[in-house]
Structures are given as C-alpha cells and as structure tokens.
Amino acid sequence: MENLNFSKKDFLFRSPRIIFGKGKISLLGEQSRAICEMDTNKKINAFLVTGKNSLKNSGNLEKILKNLNEAKISVYVYNEIEGEPTTLVINRGKEIAIENKIDVIIGIGGGSVIDSAKGISGLVTNGGIVEDYHAGKRSFDKPGLPFIVAPTTSGTGSEVSNNAVIIDPARGIKQSIRGDKMMAHIVILDPELVLSCPKKYTAFSGADALVQSIEAFVSKSSNYLSDIFAIESIKLLLPSLPKVVNDLLNIELREKMMLGSFLDGLAFANSKLGAVHGFAHPIGVKHNINHGLICGLLLPYVMKYNVELEHVQKKYVYITDIAVQSSIIDEVDLKITECPNGIKDKALWIIELIRKIFERCEIPLHLKDIGITEEDIDDIVKDTKGSSLNNNPRDTDKESLKQILLNAL
Ligand SMILES: [Fe+2]
C-alpha cells in the first residue's frame, strides 16, 4: 500500500467519551448519574428520545427502563421520532424537556433519533427553536444538557458528529444545525442493540457508512488523523457489509459494522463529506428517499467524476488494496472480474466493486428506478450546495453536477 502522505497534517480532533462492547448498555444508569454529577441519593430526570416502536418491539426498551429505574432515574419516554427529524418534533421535545425539569437527555435509536436528541439537548440550554439555528444562522454558545447516546443502527455516524440534519416541512428544506457544544458527552456502542435492525435498514445505513468513510477519505478537508479513521472504517465496512445483510444475527459482523460506522463518524466529523451528500439532502427532502439508499445509489457516479484527479486515484487504489487483501471477492460471490494493474484501472475497478456491494444491499442502480426523471434534475442541482459540496475533491459547477445526475438516470 502507498504511504499515508497525501493528506494535510493539520487537524482539530473532536470526540465524546466512548464505551464499546457487547452488553454495555447495562452501564446506562450509572453513566447517566455520573454525567449529571449528582450524589447517589438524588433523583434524576431523564428524557429518553427514541423511535415509535423499534426499541419497544426489540424488548430493549423494557430492559433500559429497568436499568434506569434501578439507578433512581425517572424517565420521560419521548418516542415521537418517525422518519427523519423535523423542526416540529425537536421544538416540541425541547418544550416537554423544560416542563419536566430534565437533567439528562438520552438518545437511543438510529441517526434520526440521535440527531433529534442532539437538537433537544442544545435548545434546552441555548433557547429558541431549530429555525433560529438552521444553516448556521445562530450558534450554540452554551453546552447542551448532559447527553448520552446509544445507536441501534450502524451507519450514520451521528453518535460522534457535531451536527444534526433536520427537515423544516414548512420551508421544504433539509439543513444542518452544527456546533461542537452539540456533541454527545458519552456514547455507548453495544452491538447487541443492533441485532434487531431489519435487513433493509442494515443495508441502507451500512451503505451510508461506507459512502461517508469514502467521501471523508477523499474530502478536501481530509487530514492525517481523519485518514486513519477513514481507512480503518473502510477495512471493517467493505468486507462486512455484503455479508451482514444476509446474516443479521451474526454478532461478530454486527460488531465490525458498528465499529466501522463509529470510525467513519470520527473520520467525517473531522474532515467533512463530498458531492454525494451534497445531492442527498435535496433529493431526500423533495423525493422522500431514504438517505442511505440515495447515497449508495449516487456514490459510484460521483466516484467516476472524482477519479479524473490523480491524488484521488491514489486514494481509490488504496481502497482497492484493502478490498483485495480482505479476501471479500473469494468469500462473497460479487461477480466481478479480477483486479487489473495500473493506477486508473485499479481505481475504476473499486468503483465497480462498490457498485456490486450496493447491488447486494438491494440499492437500485439508477435514479429512474426511484422515480426521479430528467425533468427533476435542474431543481435538484439548484438546491445542491453546502459544505459537503465544497469539500468534494474535484470542483463542481452546475453543469458538472447536472452531468453526474444525467449519468445516474
Ligand atoms: Fe450520510
């Protein structure tokens, strides 16, 4: 493999306290108490943000409530998160948290739940509503409420990122609120919580994680440290994703996906993403398409656009070498030709391999397969902007963005 000398050395590293391991969710009660810095006899009020049904149906909600009650923590369960987070659900959550004199926010669920919990924690102490903060209009100057998260999917990396992506239905937009003070204080990564994640969401969130690690790796803001996380993330995700979608109860694969997703979160939180995520926001909100699905669909087309740059080719070849050394080709029949020689050919080969992995995840190959037509493209391009696009390794303009989408049609 090439030496890691193709990204800049400067970095600023952000990370919460991380607890990783099977069964570690049992530490939730004691960690919640510790983070509030309250003596052992004082009652604590927790606000548990979670999805409508999944935590309950998996049987984990009951165990978690018992664990919190044993630590003398009373819990308000806010299970209003359905689909992607909205301004309405977060603004309402903040009001209820204030009314109930909440001491600690706990987010247990997928990326939407964690992003919602992040928004609520920040708004309770900083005041106002999401709309005041959307797209950097106002910043979170004060630390949020003590805040713990435990993901139940492996993919978004939201547990370690300092932003939350929120839809404003009134304005028909999807934008980030961002700030280091919004980061979770403690992250509990328990792979047993992910065992009940269904095939479809395992595939889509896993695809999102792989897209993010690759975009972070080639991002204009990538650096020495983010490269290390991105590479280790790709080493875990690339061989595990095509296997786990057909072996959902395999705890070793779930562990690898969870670690890979966490490392990917550290990578992009410290380097930013690329054009796939620039496109994903307007497409997600306008066409109501799952985030992981649209990211997986678009990645090969964006990689083909970026592959013209020599330094990007080198990084793609680095990923090719990871794929070849992982023996993924022998273990999972992805129906791909042998890896060629030559930098550009090797770079193109990994794009094809990734496309095959996403095919295994039942991600469609073309935009028309998800109902997007040529008439929609100008509108999508108009709304494709933001820091992700600015960090894409190859510069883009309206014409090149349009061409990428036409290729994906
Ligand atoms: Fe993503």
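Indexing begins at 1, ligand by ligand and atom by atom, following the structure's order.
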Look at Thr156 and state whether any of its N, O or S atoms is less than 2.8 Å from the Fe ion (ligand 1). no
Ionic contact status for Lys402 with Glu399, cut-off 4.0 Å: no
To make sure I understand the geometry: which N, O or S atom in His291 is closest to the Fe ion (ligand 1)? NE2
Tell me, which N, O or S atom in Asp208 is closest to the Fe ion (ligand 1)? OD1
Under 2.8 Å from the Fe ion (ligand 1), is there any N, O or S atom belonging to Cys295? no
Whether Lys181 engages the ring of Phe140 as a cation-pi pair (distance to the six-membered ring centre under 6.0 angstrom, angle to the ring normal within 45°) should be assessed. no
Without hydrogens or angle criteria, can the side chains of Arg254 and Thr202 be said to hold a donor-acceptor pair below 3.5 Å? yes
Rounded to the nearest 0.5 Å, what separation is found between the CD1 atom of Ile329 and the SG atom of Cys339? 8.0 Å
